[in-house]
Amino acid sequence: MTQRRILVTAALPYANGHVHLGHLVEYLQTDIWVRFQKLRGHRCIYICADDTHGTAIMIRARQEGRSEDELIAEMQAAHERDFAGFDIEFDNYGSTNSPENRELCGEIWESIRQAGLVKEKDVEQLFDPVEGTFLADRFVRGTCPKCESTDQPGDNCSKCGHHYSPAELIDPISTLSGATPEVRSENHLFIELEQLHEFLNDWAIGDDHLQTEVANYLKGHFLHEPLRDWDISRPGPYFGFEIPDSPGNYWYVWFDAPIGYIASTKQWCEKHNEKLDDWWRSPDTEIHHFIGKDITYFHTLFWPGMLKTAGFNLPEKVHIHGFLTVGGEKMSKSQGTFVMASTYLKHLDPAHLRYYYASKLGSRLDDLDLNLDEFKAKIDSDLVGKAVNIASRSAKFVQDGNLSDVYPDDGGLFQQAADAGETVAKHYENCDYAAAMREVMMLCDRANKYVEDREPWKLRKDPAKQDELRDICTVALNLFRQVAIYLAPVLPGLAKQTAELLNDPIGPGDWEKSQTPLVGTSVNKFQHMMKRVEEKQVQAMIEESKETQADEAAGGDNQYNDGPEALEKEPLTEEECTYDDFVKVDMRVARVIEAGHVEGADKLLGLKLSLGGDVTRNVFAGIKGVYEPEDLLGQLVICCANLAPRKMRFGVSEGMVLASGPGGKDIYVLRPDSGAQPGMRVH
RNA sequence: GGGGCCGUAGCUCAAUCGGUUAGAGCAGCAAACUCAUAAUUUGUUGGUUGUAGGUUCGAGUCCUACCGGCCCUACCA
């Protein structure tokens, strides 16, 4: 087999948050792939770094009253600690805030300039005069220019859905200082990506660099029309690198972040006396990026465009994975399923998560579900019951002795498993770890059956059969060793324990050892290799994840510990409303007397409300999928009775049913206490 | 409204170019065993492949419509 040279990256974690179980899908998927390549004897390096620039970091540092450098150093240390805790082994872990990155950004920028891809345009942006900073969209709130709803976010209206730029808001307010921002026009630098359209089209769709779903997505959303100019500068102050030939402007974080891959490689090269060009400008090197589907287009359009223009290697593959759900739902802080890496490590074994993710990961970008019952079942059954059990039930009969000098007749079992190695390897190579794990478990089943059939526990009692006993153990332990080698990318700890038990290391290039049985060597005393998952520990982890949340709600010194999320999402309106304003809104108790689905509407239910007597209102409510019509029929609700009728696609809505919640499935219809009668006014 | 992905056993997933009787694991049920961390082994139940059509000698796979889920995008609230 020819030795490949492979450079692998995982997306750079942002310095604004801690690593959680969702992030780990990616870093583990990548770590397994890298360990596999190394085990196969290829030259492979795993490169990563912290992504440190941008407005969010600047603001947070300011709020915490310290420098950005201090903040990002602390976060980087935490990230590295978490990764190490999960046996994620980077060859280099750098930072986008490094001299190497600054230099490379300059170099790449220069190439882009020379290629004539840069153009300048004025952009209107809001500026906070108190903080002295330009405001990203999410730091501005104001009144929607279209529907005039107050206190709306800076990019689109939560009421009418209208998209706008923050400069269009009526009465905008900076969420940083509460000041009224000024509109300032600034010169921004853009990359004209359209000039690379043909190249990107060929790269993204032509060759096998992307999963087919991703190629379709790019084709349907971006490549079918002219590519928009990419705004890659931000006026200062901005935590990042100043653009050398455009003083006062800084590279947008998404410009310098991917360059961090190269910069981190450069650090590694300097430490190991290697040439950067051998890794980034050589036809002999394959570059593989692992990313989540949320950052697809940065890595499949902008990034290849930058690389191409600056003469670097293009990615051989961009491997894109889906999101993590827990128990079939988005990770939730309130339910304790938003689990930090560090919290997991306090309660559970990292090897367990490595195996569980491996057993679920395929090559496509489907979301991956962490089901905690299944988690326990898989670990207990696959790892403890099947894999480790092979060693556990055979090693004790030969410990402190030797394996047989000649490998005994095993009916072809070892050879079968050796042959299966190529299948396993193919699955690893294709990122289809689930298939690889299935294949290995099948080998475990065969090995267990072998032990079962030979009944070594009976031979043990017969002094005349000790040689036979040793032969059986020699076979069983060799079958186990094969399994440990095949699982080594996923379970480096188990490989190490196996190596210690059998006095033969399993390291880089040692995949081949699965092809030849070990004979004559001594066997050490068997020690427990892996524990089962304890239900209690899982529960403790979930509980602690909830507690952390309550802690963060601090200030919540009442007994209920309600979290601050709702207010953070929709801060209190600052403008006061007079009593006169209040009484303008005529809210009434109403009974739902008809309720049904609206044909063709995705979110609407049609309700007929009775205000008592024969006064009724037909209203549409955007609560389909949350409430069934029969849930509401006959119920009392609160409605706004004097809301101006609104013509909608499906008819006229003559009012509004009051409900709360951020939307989606989180919508709660307000209901009056018992005793209220339809028609009563809400005061 | 436009687009994409998906729907296979109770659960998680396979099924090569369209090719024989749709397969595994887990769970369930029954039995064997006692070396092993209550592990293991054997046997076994379980399916109108979301629905309805179509193409084909042959459809889980290809086409059309519909139902349901997720995502992107636009619009309307």
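Residue numbering restarts at 1 for every chain, and letters A, B, ... go by the order of the sequence lines. In this text the structure is predicted, and so the values were computed from the model without any measurement. As a basis for the values below, the full set of heavy atoms in this structure was taken, side chains included, without hydrogen atoms, waters or symmetry mates.
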Where the chi angle of C35(B) falls, syn if within 90° of 0 and anti if not
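The base of C35(B) is oriented anti (glycosidic angle more than 90° from 0).
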Nearest atoms (heavy-atom pairs only) where [X] meets [Y]:
X: Ala495(A); Y: Ala484(A); answer: CB-O, 4.2 Å
X: Leu443(A); Y: Ala420(A); answer: CD2-CB, 4.0 Å
X: Arg393(A); Y: Trp457(A); answer: NH2-CZ3, 4.2 Å
X: Pro304(A); Y: Leu301(A); answer: CD-O, 3.4 Å

Leu383(A) and Leu491(A), any side-chain heavy atoms less than 4.5 Å apart
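In contact.
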Measuring only the [atom1] atom in each nucleotide, how far is [N] from [M]? A whole number of Å is fine.
N: U73(B); M: G58(B); atom1: P; value: 44 Å
N: G60(B); M: U48(B); atom1: P; value: 13 Å
N: U45(B); M: A24(B); atom1: P; value: 12 Å
N: C26(B); M: G7(B); atom1: P; value: 24 Å
N: G47(B); M: U42(B); atom1: C1'; value: 25 Å
N: C67(B); M: G53(B); atom1: C1'; value: 15 Å
N: U16(B); M: U55(B); atom1: P; value: 24 Å
N: C13(B); M: C6(B); atom1: C1'; value: 14 Å

Stems involving RNA chain B: give each as a range paired with a range, ordered by first number, where a stem means at least three consecutive Watson-Crick or G-U wobble pairs under 3.5 Å.
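B:1-7 with B:67-73, B:10-13 with B:23-26, B:28-32 with B:40-44, B:50-54 with B:62-66 - these are the stems of 3 or more pairs that involve RNA chain B.
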Positions of residues 464-497 of chain A (non-hydrogen atom under 4.0 Å from RNA chain B), listed by number:
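Those residues whose heavy atoms fall under 4.0 Å from RNA chain B, taken from residues 464-497 of chain A, amount to none.
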Specify the separation, in whole Å, of atom CG of Leu218(A) and atom P of G3(B).
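Nearest whole value for this atom pair: 18 Å.
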Starting at atom OH of Tyr450(A), determine the distance to atom P of C33(B), rounded to an integer number of angstrom.
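Those two atoms, OH and P, are 22 Å apart.
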Please compare Val451(A) and Lys293(A) by the position of their nearest nucleotide in RNA chain B and report the one closer to 5'.
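Upstream on the strand: Val451(A).
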Pair Leu477(A)-Leu501(A), side chain to side chain contact (heavy atoms under 4.5 Å, CB included): steps then yes or no:
CA-CA 10 Å; Leu477(A) 286 171; Leu501(A) 177 70; 4.3 Å; yes
For every nucleotide of nucleotides 37-43 of chain B, 5' to 3': is a protein heavy atom under 4.0 Å from its base (B), only from its sugar-phosphate (S), or from neither (-)?
B-SBSS-
The contact string for nucleotides 4-17 of chain B, one letter per nucleotide 5' to 3', using protein heavy atoms under 4.0 Å with B, S and - for base, sugar-phosphate only and none, comes out as SSS-----SS----
Phe290(A)-Trp33(A) aromatic ring centre distance below 6.0 Å
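Ring-ring flag for Phe290(A)/Trp33(A): true, centres closer than 6.0 Å.
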Please work out which of the three classes, parallel, tilted or perpendicular, describes the rings of Phe298(A) and Trp230(A), given edges at 30° and 60°.
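Rings of Trp230(A) and Phe298(A): tilted, as their planes differ by 30° to 60°.
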Once you measure the plane-to-plane angle for Phe375(A) and Tyr344(A), does it fall in the parallel (<30°), tilted (30-60°) or perpendicular (>60°) bin?
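The arrangement is perpendicular - the two ring planes meet at more than 60°.
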When you measure from the side chain of [X] to the backbone of [Y], do you find a donor-acceptor pair of N or O atoms at a distance under 3.5 Å?
X: His289(A); Y: Ala11(A); answer: no
X: His427(A); Y: Val424(A); answer: no
X: Ser392(A); Y: Val388(A); answer: no

Quick test of your reading: applying side-chain hydrogen bond (donor to acceptor under 3.5 Å, both in side chains), list the pairs with at least one residue in residues 459-477 of chain A, sequence neighbours left out, ordered by first then second residue.
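Counting only pairs at least two positions apart or across chains, the side-chain hydrogen bond (donor to acceptor under 3.5 Å, both in side chains) contacts touching residues 459-477 of chain A are Ser404(A)-Asp471(A), Ser404(A)-Thr474(A).
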Summary of side-chain hydrogen bond (donor to acceptor under 3.5 Å, both in side chains) pairs that have at least one residue in residues 486-502 of chain A, sequence neighbours excluded
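side-chain hydrogen bond (donor to acceptor under 3.5 Å, both in side chains) check on residues 486-502 of chain A returns no pairs.
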